[in-house]
Amino acid sequence: MRVLVNNEIVHREDVRIDFEDRGYQFGDGIYEVVRVYEGEAYELNEHIHRFYRSAKEIGITPPQSKNEMKSNIEDVITENKLLEGGIYFQMTRGVAPRKHQYEKEIEPKLIAYPLYFTRPEKQQNEGVSVLTADDLRWHRCDIKSLNLLYNIMMKQKAHDSGSFETIFIRDELVTEGTSTNVFMIKDNVISTHPADNNILNGITRMKVLHLLNEEHIPYEEKSFTKQELLDADEVFITSTTSEVMPVLKVDEQVIGNGLPGILTKRLHSLFLHDIKSPEIVRG
Ligand code: PMP
């Protein structure tokens, strides 16, 4: 495997990560996962834009410009001959003697490497079950931080019970999943939590809203309760790896008629069309 380390692509064996890296000790850093379809990164500009935004929010300056990062990531895809999967990239604040506060001069460490996975077609076609849990995370979920402890605890809980995802509830309202955004449809109106500090504004979420605009399908960025979620006609979750995935059960309760919803399936096919020909859909 070939890995980008700051501005250089090296063999995996030659990557050196220091044990005093603040990412390792504090989770002091940020990340992105971008999808690669047929050797091309999908929505790469949007992921880089969000990466820079997260970096700015926690006060790290990336070691390269957005354009350099874009071409470096494209080089990682090419050098690894990656056709299907994703690129994981993360940046930590860098290496320093362990203490909570930091000197501004530390050099950030950027790495990017390929992830090998394919589309989860079975779950996309058949739908999935999810659990719910109190959203005990901090209030800056808009930052794509390396600190994912509660997310992984709750994803593992779902996994252990044979569910695909856990959906978080904060102050009675549905926020998002551990690694997905949540949408519900009632009487043909689609709702999803507004893009504020309590969710990560998913690239897939934004793409779905864009497609809804194009298709003149009504939606609202408005939060809803767990009860409204349970009473929905259709529920689906979105993410870079899941795309648009129907949810058939929430906490063992069946949603709608218990089958992947018509609008959900239509949105997924619009999404798949966008992957193949983004410029046509964008116009
Ligand atoms: N929310 C959280 C907490 C996530 O980790 C993710 C995955 N990055 C998402 C939502 C979905 O975002 P995206 O569509 O950009 O993958």
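Residue numbers count from 1 along this sequence. When a ligand or atom number is given, it counts from 1 through the structure's own listing order.
The side chain to side chain donor-acceptor pair (under 3.5 Å) test applied to E84 returns R35, not counting sequence neighbours. In this view, K104 satisfies the side chain to side chain donor-acceptor pair (under 3.5 Å) rule with no residue, not counting sequence neighbours. Under the rule for a ring pair (Phe, Tyr, Trp, His ring centres under 6.0 Å), the partners of Y150 that lie at least two apart in sequence or sit in another chain are F168.
Contact annotation: the side chain of Y219 approaches that of L209 to within less than 4.5 Å [non-hydrogen atoms, C-beta and beyond]. Contact annotation: the side chain of I60 approaches that of R93 to within less than 4.5 Å [non-hydrogen atoms, C-beta and beyond].
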Enumerate the pairs of nitrogen or oxygen atoms, one from ligand 1 and one from the protein, separated by less than 3.5 angstrom; state names and distance to 0.1 Å.
{"from": "ligand 1", "atom 1": "1 (N)", "to": "E176", "atom 2": "OE1", "distance (Å)": "2.7"}
{"from": "ligand 1", "atom 1": "8 (N)", "to": "K144", "atom 2": "NZ", "distance (Å)": "2.5"}
{"from": "ligand 1", "atom 1": "14 (O)", "to": "I203", "atom 2": "N", "distance (Å)": "3.3"}
{"from": "ligand 1", "atom 1": "14 (O)", "to": "T204", "atom 2": "N", "distance (Å)": "3.0"}
{"from": "ligand 1", "atom 1": "14 (O)", "to": "T204", "atom 2": "OG1", "distance (Å)": "2.6"}
{"from": "ligand 1", "atom 1": "15 (O)", "to": "R50", "atom 2": "NH1", "distance (Å)": "2.9"}
{"from": "ligand 1", "atom 1": "15 (O)", "to": "R50", "atom 2": "NH2", "distance (Å)": "2.9"}
{"from": "ligand 1", "atom 1": "15 (O)", "to": "I203", "atom 2": "N", "distance (Å)": "2.8"}
{"from": "ligand 1", "atom 1": "16 (O)", "to": "T240", "atom 2": "N", "distance (Å)": "2.9"}
{"from": "ligand 1", "atom 1": "16 (O)", "to": "T240", "atom 2": "OG1", "distance (Å)": "2.6"}

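Formation of a donor-acceptor pair under 3.5 Å by the T92 side chain with backbone atoms of D28 is not found in this model.
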